[in-house]
Structure formats: structure tokens, C-alpha cells
Amino acid sequence: MTILGIETSCDETAAAIVQDGTRILSNVVASSIQLHAKTGGIIPEIAAREQIKCILPVIKQALKDTKIQRYKDTKKKNKNSPNILVSQYPNIDAIAVTIGPGLIGSLLVGVETARTLSWLWNKPIVPVNHLKAHLYANFLNQQLNKRTIEQSVFPAIGLIVSGGHTDLVLIKNHGDLKWLGGTRDDAAGECFDKCARLLGLGYPGGPAIETCASKFNNRTIEQLNNEAIKLPRPMINQDNFDFSFSGLKTAVLNHVKHFKLMEQWNNRTREQLAFQLQEAITDVLVTKTLNATQKFKVKSILLGGGVAANSLLRKKLNVKCQMSNVKCFVPSAQLCTDNAAVIASYAYFNYKPVPWKKIKPNPGLVISSP
Ligand code: KG4
Ligand code: ZN
């Protein structure tokens, strides 16, 4: 089964064509991140306007990249003809679209486009929860099918770490997912983004902090021990699966203020804070995730969301999983951040089409929604 996925929940406009939930035939992402870098964060109105500009070119590119067969292709000479969208695609079986969570203006662009194509091409349409879809990055480009996933991956613990969410879920099977806990305030990605701003680094904060921290990382352990700044690990010892990251941001702010007051604010102190912040966030995420695997005696861990691209998080999780004999699934960094291949994959494994008239965006969609 071949599915066209469409994703426009935030500042990425994405379309992908995926076969049988795992084989990526095309995967196109246009990002307005450079525009948001100028303002240090996302302005929803600007994100929505960019979605409108990008959506049709991105879908056309995804269709062209697969060289998928189409009918009624009358203007073959002009490859850029808008006709590519009004053709019929016998090899596409369904359309999948993110309906939430996300920014309403951005979501509307993807949802309305998917509804129109569903009507025009007469294809079924599957509404997708963007958060759950992040976990399906683990199955893309893998030699897996529905049966092998059910037998060798599930039950699993999913850790979804993105710019707006930090959630731990128990996955017994496709479509059988239980929310265990999440952040009570800032998400892990939000903490990276806000602290990067405090440290005078760029947006998005996660990659900027990772690069800055790696410079400090290169120095000797003795130096680190002598000079180390200690940051808290919020809620790490609590017997629940909740997180809290806003206190970490305040701790970073206090250190920055202190260094500035003492006239010690320089690249070295900035790198040290970035290093310690990354250590603190990843320690909490890994500890809580491992606690959940032990409590629910699962076979594997599935990591997903933009923060899953963080090398330290991936490394720590892999090491702990090896020690506790749990399989660790970590997607390629490119598939961690927002893309439409995960939307198409999720729709294949959780195939529940809905009449196009009933599809609506839901910005506040939660993980426990069906
Ligand atoms: O999933 P995503 O692309 O968009 C949302 O659905 O939110 O996640 C974006 C988040 C941002 O907060 C960004 O700073 C973070 O993922 N991120 C990272 C890294 N790459 C992206 N955080 C830590 N380390 C990274 N390498
Ligand atoms: Zn996301």
C-alpha cells in the first residue's frame, strides 16, 4: 500500500510517499526555520504564510521524485505544469495528513490541501496525530513489517521529545497506546530553545546547544571536575513518569547573571553551561525512560521527536539499553525532526480512513486521543 503523507503542524511543510509503512519513495521538507531564527522563535502568522507558499510545490516535488505513474498527463512537455496535481494517481492508495497538535494556521493549510486532493483524486484520507507519528520514524528504511513489529518490538516504551511535547507512552500494539506521563511545564525541546536564547546562541536551540557543548566536551575530565557548574535534574527521583524543565531554565538564567556580574561571561563559561544543560536534560529523559521499561517489562524503547536527534541522548539511551537487555530504536537524525514520511508510515500501520468532510484540524490534540 502506497500512502502520500502531508505534514504542516508548525514551521515545516512536508510531503512524502511511503510504501507499506517502511519504504520511503520520496520525502520532501521545506522549512521556514531561517525566518524564525531572525526572531529567535516561531511567529505563528509567519509560519502559516510560509506553509501556504510551500505546500503545492512540496507535494508536486514529492510526486515527481517517485516518478509515480499518473493518468491524464496531457502537458508532458512542461514539467512544472500545475497539471501534476490534477492528474490521477492509480498507484497512490491513500492520503495521510497531520490534524494536530500544532499551530492552527499551519495545520489548516495541510488539512485543506489533503481534503481537496482526497476529493480530486477520489482517495481515502487518514487523519494522523503528529506526536504518535514521530515514533514511526523508527520503522522507516527498516526491514520490518506489521507482523515482525508486533512480535519483536511490542510491547515498547515510547519517548516523544519535541519542541512542544515530552511524553512517555506504553505501546502494546499499533493503536493500543497508553500515556504514562509528560512534562508539567516546558518540553525538553522548549528548554533547549529557551536556554539557547539565554546563552546567546541561535534558534533552534537544541542543535546550537549540542554544538556549543561539544567544544567544552573536548576538554579534560580534571578540568571539568574542577570547574563544573552543577545543574539540577528535576523530578529524576520521583516515582512517576512526569517531567519538569522550567526550573532548569531558571537555573541557567541565574548562572548567566552570576557570570556577567563577576565579569566571567565568555565563550568558556557559555560552553560549560551548554554542556551541563545537555547532561541534565538527557539524564532525566534517560532515567525516566529506563524506569518505565523496568516497570512495564517491555521489549524495546522507541525514541521520537526533534530532540531525539541529540547525539548525547541517543548515546546514553543506547548504553543503558545494552546494560538492561532492552532493544533501543533510534531513528536517523533526519527523520527525528518534523517530516511527512512518519505521517504516511503511521497511517499505514493504523489505517482508519475518515470521509474527507469530517477531517478537521485539532491544535490541542493530545497523545491519548484515538
Ligand atoms: O519534532 P520537532 O522537529 O518539532 C516539533 O514538533 O516541535 O522538534 C523541534 C525541537 C526543537 O525544540 C529543537 O531545538 C529540538 O527539537 N532539536 C534538538 C536537536 N535537534 C532539534 N534538541 C536537541 N538536540 C538536537 N540535536
Ligand atoms: Zn514534531
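First listed ligand is number 1; within each ligand, the first listed atom is number 1.
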Considering only protein heavy atoms, which is closest to [atom], and at what distance to one decimal place?
atom                    : value
atom 22 (N) of ligand 1 : G206 CA, 3.2 Å
atom 3 (O) of ligand 1  : D338 N, 3.2 Å
atom 26 (N) of ligand 1 : E210 OE1, 2.8 Å

Tell me the closest heavy-atom pair linking [X] and [Y], and the distance in Å.
X    : Y    : answer
P101 : N129 : CD-OD1, 3.7 Å
H134 : G306 : CE1-N, 4.4 Å
S118 : I125 : OG-CG2, 3.8 Å
T8   : V109 : OG1-C, 4.3 Å

Exercise. Can a non-hydrogen atom of H134 be found less than 4.0 Å from any atom of ligand 1?
Worked result: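 So H134 counts as touching ligand 1.
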Exercise. At a 4.0 Å cut-off, with the gap strictly under it, does some heavy atom of A309 reach an atom of ligand 1?
Worked result: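 Yes; A309 lies near enough to ligand 1 that a heavy-atom distance drops under 4.0 Å.
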Which atoms from ligand 1 have a heavy atom of [X] less than 4.0 Å away?
X    : answer
G164 : 7 (O)
T337 : 3 (O)
G205 : 14 (O)
F192 : 22 (N), 23 (C)

Min N/O separation [X] to ligand 1 under 3.5 Å:
X    : answer
E12  : no
G189 : yes
G163 : yes
N310 : yes
E190 : no

Problem set entry | Mode of H130 contact toward ligand 1 - side chain, backbone, both, neither (heavy atoms, under 4.0 Å) |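 It is the side chain that gets close, since no backbone atom is under 4.0 Å.
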Exercise. With backbone taken as N, CA, C and O and side chain as the heavy atoms from C-beta onward, which portion of D193 lies under 4.0 Å from ligand 1: side chain, backbone, both, or neither?
Worked result: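 The answer is the side chain.
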Problem set entry | Proximity winner for atom 17 (N) of ligand 1, if only heavy atoms of S311, G306, A196, A308 are counted |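 Nearest heavy atom to atom 17 (N) of ligand 1 lies in G306.
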Salt bridge present between [X] and [Y] (N-O < 4.0 angstrom):
X    : Y    : value
E112 : R115 : yes
K316 : E279 : yes
K53  : E50  : yes

Exercise. Could you walk me through whether S246 and D186 pass the side-chain hydrogen bond (donor to acceptor under 3.5 Å, both in side chains) check?
Worked result: CA-CA 5 Å; S246 71; D186 292 352; 5.1 Å; no
Exercise. Sorted by chain and residue number, which protein N/O/S atoms are under 2.8 Å from the Zn ion (ligand 2)?
Worked result: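 Less than 2.8 Å away from the Zn ion (ligand 2) sit H130 NE2, H134 NE2, D338 OD1.
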Exercise. Do T98 and E7 have side-chain N/O donor and acceptor atoms under 3.5 Å apart?
Worked result: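 Indeed, the side chains of T98 and E7 share at least one donor-acceptor pair under 3.5 Å.
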Problem set entry | No-hydrogen, no-angle side-chain donor-acceptor test under 3.5 Å, D65 and Q61 |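 Short answer, yes.
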Exercise. Looking at CG of L135 and CD1 of I171, how far apart are the two atoms once the value is rounded to the nearest 0.5 Å?
Worked result: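 Going from CG on L135 over to CD1 on I171, the span is 5.0 Å.
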Exercise. Out of R233, K320, K288, which residue meets the salt bridge (Lys or Arg N to Asp or Glu O under 4.0 Å) rule with D283?
Worked result: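 So, applying the salt bridge (Lys or Arg N to Asp or Glu O under 4.0 Å) to D283 and each of R233, K320, K288, only R233 qualifies.
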Exercise. Can Y346 and H130 be said to form a ring pair (Phe, Tyr, Trp, His ring centres under 6.0 Å), step by step?
Worked result: CA-CA 9 Å; Y346 181 89; H130 168 100; over 10 Å; no
Exercise. Okay, side chain of D185, backbone of F245: is any donor-acceptor separation there less than 3.5 Å?
Worked result: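 Yes.
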